**Q** 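Next up is a structure, given as structure tokens.
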Amino acid sequence: MKSYAVLLCLMLCTASFVMSQSQAHVIVMPYPGDCSKYQQCDASGCFVMSCGTGTEFNPAISTCDYPLRDRSNCGNRG
């Protein structure tokens, strides 16, 4: 769990630097350990968003999609 917190902090710090370099861009990233959520960052900050029922965040297309078979790192799966 500690590694997820470190990874999240690293991602948010990196996103802040990238946003300061380019204020007009929106960055969408996976949420560590839970594929039913994602992070959307812009000049005003980062927000944790939830996918709709039955969908998961697909980083290949940066949006929610039907579950991927190869996402074994999802902490929310049974």
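All figures in this text were calculated on a predicted structure; none of them were measured in a lab. Numbers here are sequence positions counted from 1. These numbers come from the heavy atoms of this one structure, side chains and all, not from hydrogens, waters or symmetry mates.
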**Q** Suppose we screen for side chain to side chain contact (heavy atoms under 4.5 Å, CB included). Which residues come up paired with Cys51, at least two apart in sequence or across chains?
**A**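 With neighbours one apart ignored, the set is Tyr38, Thr55, Phe57, Cys64.
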
**Q** Of the non-hydrogen atoms in Ser44 and Asp42, which two are nearest, and what is the gap between them?
**A**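 It is OG-OD1, 2.6 Å.
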
**Q** Might you work through the side chain to side chain contact (heavy atoms under 4.5 Å, CB included) test for Gln40 and Val26, ending with a clear yes or no?
**A** CA-CA 7 Å; Gln40 183 172 336; Val26 174; 3.7 Å; yes

**Q** I need the Ile27 CD1 to Ser62 OG distance, nearest 0.5 Å.
**A**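 These two atoms lie 10.5 Å from each other.
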
**Q** For the residue pair Glu56 and Pro30, establish whether any side-chain heavy-atom pair is separated by less than 4.5 Å.
**A**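 Of all side-chain heavy-atom pairs linking Pro30 with Glu56, none is under 4.5 Å.
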
**Q** Quick one: pull up CE in Met29 and SG in Cys46 and give me the separation to the nearest 0.5 Å.
**A**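 Separation between the atoms: 5.0 Å.
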
